[in-house]
Every structure is written in structure tokens, then in C-alpha cells.
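The structure appears below as C-alpha cells.
Proteins get letters first, then strands, A, B, ... in listed order; numbering begins at 1 in each. All values derive from a computational prediction rather than experimental measurement.
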6 protein chains.
Amino acid sequence: MKSERYEKGAGRLKDMGCCSPIGEMLKEIAPDMEKYICEFAFGDIHSRPGLGKKERELVIMATIATLGHAPLELKSHINMALNIGWTRAEVLEVFMQQAVYAGFPTSINAIFVAKEVFAERDGKGEEN
Amino acid sequence: MKSERYEKGAGRLKDMGCCSPIGEMLKEIAPDMEKYICEFAFGDIHSRPGLGKKERELVIMATIATLGHAPLELKSHINMALNIGWTRAEVLEVFMQQAVYAGFPTSINAIFVAKEVFAERDGKGEEN
Amino acid sequence: MKSERYEKGAGRLKDMGCCSPIGEMLKEIAPDMEKYICEFAFGDIHSRPGLGKKERELVIMATIATLGHAPLELKSHINMALNIGWTRAEVLEVFMQQAVYAGFPTSINAIFVAKEVFAERDGKGEEN
Amino acid sequence: MKSERYEKGAGRLKDMGCCSPIGEMLKEIAPDMEKYICEFAFGDIHSRPGLGKKERELVIMATIATLGHAPLELKSHINMALNIGWTRAEVLEVFMQQAVYAGFPTSINAIFVAKEVFAERDGKGEEN
Amino acid sequence: MKSERYEKGAGRLKDMGCCSPIGEMLKEIAPDMEKYICEFAFGDIHSRPGLGKKERELVIMATIATLGHAPLELKSHINMALNIGWTRAEVLEVFMQQAVYAGFPTSINAIFVAKEVFAERDGKGEEN
Amino acid sequence: MKSERYEKGAGRLKDMGCCSPIGEMLKEIAPDMEKYICEFAFGDIHSRPGLGKKERELVIMATIATLGHAPLELKSHINMALNIGWTRAEVLEVFMQQAVYAGFPTSINAIFVAKEVFAERDGKGEEN
């Protein structure tokens with residue numbers, strides 16, 4: 001049986017239209033990690049009242065883009081950001097703003113990840 | 001004579017109540033860097049219409065906190081974020097959210113930088 | 001009232017003789033972070049059965065040393081590593097091994113952090 | 001003729017069942033790098049008496065996983081870690097422990113690298 | 001109409017025989033980034049008189065290789081470095097030197113990126 | 001007795017007027033690290049014929065500045081760079097060039113480290 005924290009986090013992900021393959025990929029090899037993502041990352045932290053969903057996704061996109069080596073995770077959050085109301089232009093603006101602070105190569109790579117996400121969404125007929 | 005781009009960036013910094021010593025420190029040793037900060041970082045990029053001031057400061061705080069090694073620059077942006085309307089609680093929420101994506105040590109260090117900024121602002125009688 | 005997970009994590013930290021000021025520093029400004037450290041970092045993850053305490057501290061010291069910008073957190077884990085049975089020579093060996101993979105500057109900085117920890121422990125009359 | 005240090009390092013790699021293509025790839029373009037890997041990385045450092053092979057591989061896996069951008073090198077060390085007695089579950093536990101200190105995306109990516117290694121080993125009929 | 005700064009930067013890139021697809025890729029999705037690369041990165045900074053083209057490309061290759069996650073950008077600069085007079089052996093020497101400061105995995109990955117660039121140049125009949 | 005490689009590296013450091021306290025600090029706690037610095041970092045790598053001293057110091061300054069968390073090591077190399085003929089203006093130019101690739105905060109921090117080095121050298125009556 002899933003914990004209340006798990007259900008809270010899973011609900012949060014569903015609210016943001018999460019369609020990332022990461023959860024399923026983890027279930028095959030390290031199922032407890034999938035559990036911690038729902039319980040801790042989304043149930044405990046992302047669901048905190050102090051900042052809204054949209055603000056949190058700005059912070060998360062900026063953080064993962066700065067790491068620079070996690071395109072799969074970045075795609076997942078770009079998709080959720082678009083699902084909850086950020087526009088494509090705003091997502092690109094986030095990564096352009098980062099050129100100043102993380103450097104152009106890191107910024108440009110995030111823009112290219114966004115480009116892939118946009119193409120995938122076009123393929124699925126998403127308007128945003 | 002200062003360029004139009006410089007004036008635009010300097011105005012942007014003034015609008016956000018910038019009180020960082022970085023600009024003056026750079027003028028003593030590498031004045032062109034201070035010029036590029038005004039012209040490019042704030043005149044060209046930060047002043048773009050696609051995202052508001054407040055959203056940009058969220059992105060910037062998250063980016064610098066993830067780098068982990070630039071507390072002086074982080075303090076400057078925490079101060080500006082507070083000046084333009086983010087609350088102390090919201091700033092802390094940004095860094096707590098990052099624990100999931102950049103790890104606890106990086107998140108905690110950013111929280112401690114915020115703590116220093118808050119103490120300095122208390123010393124100056126700032127309400128926020 | 002503290003959760004079961006909190007008590008488990010707090011107990012784990014006590015077992016390792018944790019004497020870091022980080023928990024108290026967080027309680028003053030972001031008390032929920034202190035809670036997550038006990039609940040998630042030590043209650044959920046560090047207490048998992050799959051690896052022993054000593055192995056986990058090796059992994060954690062290597063991870064924080066590689067980040068390079070978190071000496072306070074590194075000191076905390078060097079202290080716990082020594083408390084649970086690693087020798088000073090072994091701790092230094094960890095950081096020397098990292099010179100190959102993270103580069104000499106990062107390795108040397110971790111060695112200097114260890115040096116400070118050893119001096120503090122000498123001051124307290126610790127034998128190890 | 002190979003130096004004594006080279007032979008020592010090459011022997012160390014052989015003892016750990018190294019099957020990485022990196023050495024051969026380097027011989028084609030930068031053969032001195034292959035020499036330094038054997039002489040310095042494995043002959044001088046990895047062969048030091050202060051920590052055992054297994055402990056060193058824990059440290060190395062944690063270090064490379066934290067860098068986040070070197071999956072080929074990480075695969076090489078996951079393979080060696082398994083060859084010298086760490087179990088698959090223990091390797092995954094290392095990367096799960098790192099979620100707390102390096103963040104979830106970096107931890108998850110290392111888990112996915114491990115997944116690839118396990119699949120390759122299954123294909124070769126390895127039991128561990 | 002392009003600004004004077006843009007023309008200066010575009011000329012600089014042309015002088016170094018830039019053949020990277022990055023500019024065109026950006027024009028499709030974030031054309032202003034392509035503009036900032038020409039105006040700021042190459043028009044303002046790279047064209048400064050204080051260091052020569054060749055020295056700047058050494059610094060840039062070392063910087064991008066240290067980031068570790070930007071092979072497309074690194075390829076672009078390896079190509080330009082070769083076009084303006086650095087030899088293949090010298091480029092490899094840069095990355096070998098970095099093994100000491102950024103660690104072997106980061107150094108080796110840059111060497112493998114160089115290997116790809118050399119193969120592409122061989123395919124085009126470039127002598128250097 | 002010191003090895004031939006050690007003497008070669010120590011000689012190289014002396015040729016560049018090395019005055020860093022790092023070697024002595026390491027001798028007190030991890031003397032083998034000081035040995036590896038002379039033998040491997042300077043005896044094997046820095047002394048290779050493929051690039052000159054001055055070019056190597058450009059690469060090293062850029063690499064350490066990008067790491068962002070090793071000011072002591074950066075100071076050591078800025079001093080050596082100045083000793084072997086780079087001017088203060090050229091050193092600053094290196095770090096300004098990096099703003100584009102590693103971001104402004106990392107670039108600015110390196111400039112501030114250089115500022116400290118210049119002040120120390122002024123105090124010793126160095127002309128460059």
C-alpha cells in the first residue's frame with residue numbers, strides 16, 4: 001500500500017500532466033527511488049505552500065539546466081512547465097537569462113533540449 | 001560617455017535597488033566587466049520583455065545557488081529579489097526546492113547566504 | 001511531535017556522534033530543512049539496509065568533496081566517519097584517490113578541510 | 001619498454017577484470033594518456049596500501065557519478081566494482097545515497113548507467 | 001539591419017573559419033541568442049585587443065572542456081583552434097594538461113571529442 | 001631520496017618562481033600528495049614538450065577558474081603566470097573571456113582572486 005506522502009506526490013505529478021518515462025524506468029531497477037521521488041520530491045517539497053507550482057517549475061528548470069548533464073530530467077520539467085501554463089517563449093527566456101550566469105554553452109544546450117520537447121509536443125498535437 | 005545599453009542596464013539595476021559592491025570592486029581592476037554587466041547582463045538580457053523582473057530573479061537565484069561558489073553574487077540577487085517584492089519566506093522556499101535537484105549541501109549553503117542577507121537587512125531596518 | 005522517520009534519522013545521526021552546527025543553524029531560519037535532513041536524508045536513505053554506515057560515509061565524503069563548495073558539510077561527515085571507525089589516514093586516502101577523478105585542486109581542498117577537522121579533534125582530546 | 005609503474009597499474013586493472021574500451025581508444029589518439037592511467041592512476045594511486053580495492057571503487061564511483069558527464073568512465077568502474085565483489089544492489093545503493101548530496105537528477109542518471117552495465121553483463125552471462 | 005557589433009562578431013567568426021551548426025540551430029528557435037553570440041561573445045569579448053585569437057581559443061577550449069557537458073560547443077572551438085593555427089597535437093596537449101586540474105574523466109572525454117573532430121576534418125580533406 | 005621525476009617537477013616549479021604555500025601545507029598532513037604534484041603534475045605533464053610554459057599556464061588558469069572553488073590553487077597559478085611573462089592585463093583578459101563560457105559570477109570571482117594576487121605582489125614590490 002502506498003503512503004499518504006506517496007499519494008500526495010503522485011497526485012501533484014498528475015496535476016502537472018507528468019509524462020516522463022523516468023518513473024517507469026526506475027521501477028524496473030530501483031523502485032525505491034521512484035517512491036522517494038513521489039514521497040519526498042513531490043509529496044514533501046513540491047507540495048509545500050510557500051511557492052506556487054509555476055514558480056517551482058521555473059526554479060527547477062533553472063537548476064537542472066545549470067547542472068548541464070541531465071537532459072532527460074530537464075525534458076520532463078519543460079513538459080510540466082508547459083502543461084501548467086508557461087509558454088514556450090517563456091521557457092526559452094529562462095534559458096536565455098541563464099547565459100549570463102551559467103555561460104552560453106550551458107544555456108544553449110538547454111535551449112536545444114527545449115527544441116526537442118517542442119517538436120515532440122508538436123507531434124502529439126499539443127498547442128503549447 | 002555611456003552607451004544607451006549601459007544606461008538601460010544601470011537603470012534596471014537601480015529599479016531593483018541594487019546595492020552590491022561588485023560593480024565598484026570591478027571598476028577598480030576590470031572596468032570593462034562592470035560595463036558588460038550593465039550593457040549585456042542587465043541592458044540586453046534582464047530587460048527583455050519575455051519574463052518579468054520577479055521571474056528573472058527566481059531564475060538567477062536558482063542558477064547562482066546551483067553553481068555553489070559565488071556567495072557574493074548570490075547575496076546581490078537575494079537583495080534585489082527582496083527589493084522587488086519576493087518575501088524572505090519565498091526566497092528560502094526557492095533554495096529548499098533546490099535540495100531535490102542540486103542536493104542538500106548546495107541548498108543549505110544558499111540558505112545560509114540568505115540568512116546573512118536577512119541579518120544585514122535587519123541591521124539597516126529593512127522590513128522585508 | 002516528531003515523526004517516526006524523524007526519530008529514526010535523528011537516532012542515526014546520534015549513533016554516528018554528529019556534532020555539526022548545521023542542524024541548529026537551520027532551525028533558526030528554515031526549520032523544515034532540519035526536519036527533512038533527519039526524516040529523508042538520515043531516516044529514509046542513510047538507514048537503508050543495503051550498505052553499512054561506514055560505506056555510506058565513504059560515498060558521502062567523496063560526493064561532497066567533488067562538489068567542492070561545501071566545506072561545512074564535508075567537515076560534518078569527516079567527523080562522523082572518524083567517529084564510526086575510519087582512521088584519519090583512511091579519510092586522507094579517500095581524498096587522495098579523488099585527485100585522479102576530480103582533479104588535484106578539488107582533492108587538495110578536501111585534504112585541507114580534513115586537516116582542520118583533525119586539529120579541532122586534537123583540541124578536544126579525541127584520539128582518532 | 002614499459003616502466004615498473006606501468007606494469008603495476010596494468011596489473012591492478014587486470015586484477016579488477018577491467019574490460020573498458022577507454023585504454024584502446026586512447027592508444028589510437030593520445031597514447032601517453034593511456035600510459036598515465038596505468039602509471040599514475042592505477043600504479044601510483046589505486047595501488048596505495050591505505051584503502052582496499054573495494055573501498056577505492058566506492059569512492060571512484062561516487063566521484064565520477066557526481067561529475068555527471070562521464071558515463072563511459074562510470075561504466076568502466078561499475079564493471080570493476082562488480083568484478084571485485086560489490087553486488088548490483090550495493091552499486092545501486094551508492095547512487096541512491098548520492099541523491100541526498102548531489103541531487104536526484106545526478107543520482108538517477110548514474111542508476112541508468114548502472115542499468116546499462118547490468119544489461120551488458122546479463123548478455124555476457126555474468127552472474128553478478 | 002544588423003548592428004555594428006553583430007558584424008564585428010560575425011566577421012571574427014568568419015576569420016576563424018567557423019563551421020558550427022549552432023548558429024543556424026539557434027536561428028530556428030531562439031534567434032536572439034544567435035545575435036548575442038555574434039554581438040557580445042565575439043563582437044565585444046573575443047575581439048578585445050588584450051589577447052590574441054589563438055590565446056583566446058586555448059582559454060575557451062579549456063573552459064568548455066572543464067564544464068564537461070557541452071561537446072557540440074567544444075567541437076566548434078576545436079575546429080576554430082585548428083583553423084587559426086593550433087596543431088592537432090597541441091589541442092590534445094591542452095586536454096592532457098587538464099587531467100591534473102579537472103580530473104582524468106573530464107580530460108579523456110575532451111580528447112574523445114577532439115578525436116571526432118579530427119575524423120570529420122580528415123573526411124573533408126583538411127590537412128590540419 | 002627524491003626520484004628523477006620529482007626533481008624534474010620541482011625544477012619546473014622553481015623555474016616558474018612558485019611561491020605557493022600548498023606544497024608545505026601538504027607536507028604536514030599528506031606528504032605523498034606533495035610528491036605527486038612534483039612527480040606527476042609538473043614532472044610528467046607540465047614538462048611535456050608539446051606546449052610551452054606560458055600556454056600551459058593559460059590552460060591551467062582557465063581550468064581552475066572554471067571549477068570555481070579553488071582560489072588558493074588559482075592564486076598559485078596566477079603568480080606563476082605573471083612570473084613567466086604574462087602581464088596583469090592578460091591574466092584579467094583570460095578571466096573576462098571566460099564570462100561567456102562559464103558565466104559572469106565565475107569570471108568575476110576569478111578577477112577578484114587576481115586582484116588579491118596583484119595587491120600581494122605590489123606589497124612585495126613586484127613590478128608585474
- Write out, in numerical order, the residues from residues 40-57 of chain F with a heavy atom short of 4.5 Å from a heavy atom in chain E. F/F40, F/A41, F/F42, F/I45, F/H46, F/R48, F/G50, F/L51, F/E55, F/R56
- What are the residues of residues 7-24 of chain F, in order of number, with any heavy atom under 4.5 angstrom from a heavy atom of chain E? none
- Those residues of residues 95-110 of chain F that come under 4.5 Å of chain E on a heavy-atom basis, listed by number, are F/M96, F/Q97, F/Q98, F/V100, F/Y101, F/A102, F/F104
- Under a 4.5 Å heavy-atom criterion, the part of residues 117-128 of chain F in contact with chain E comprises none
- Task: Can you see which heavy atom on E/V59 is nearest to which on F/A62, and at what distance?
- Result: O-CB, 3.9 Å
- Task: Using a cut-off of under 4.5 Å on heavy-atom pairs, state which of F/L58, F/I37, F/T87, F/L92 scores highest against chain E.
- Result: F/L58
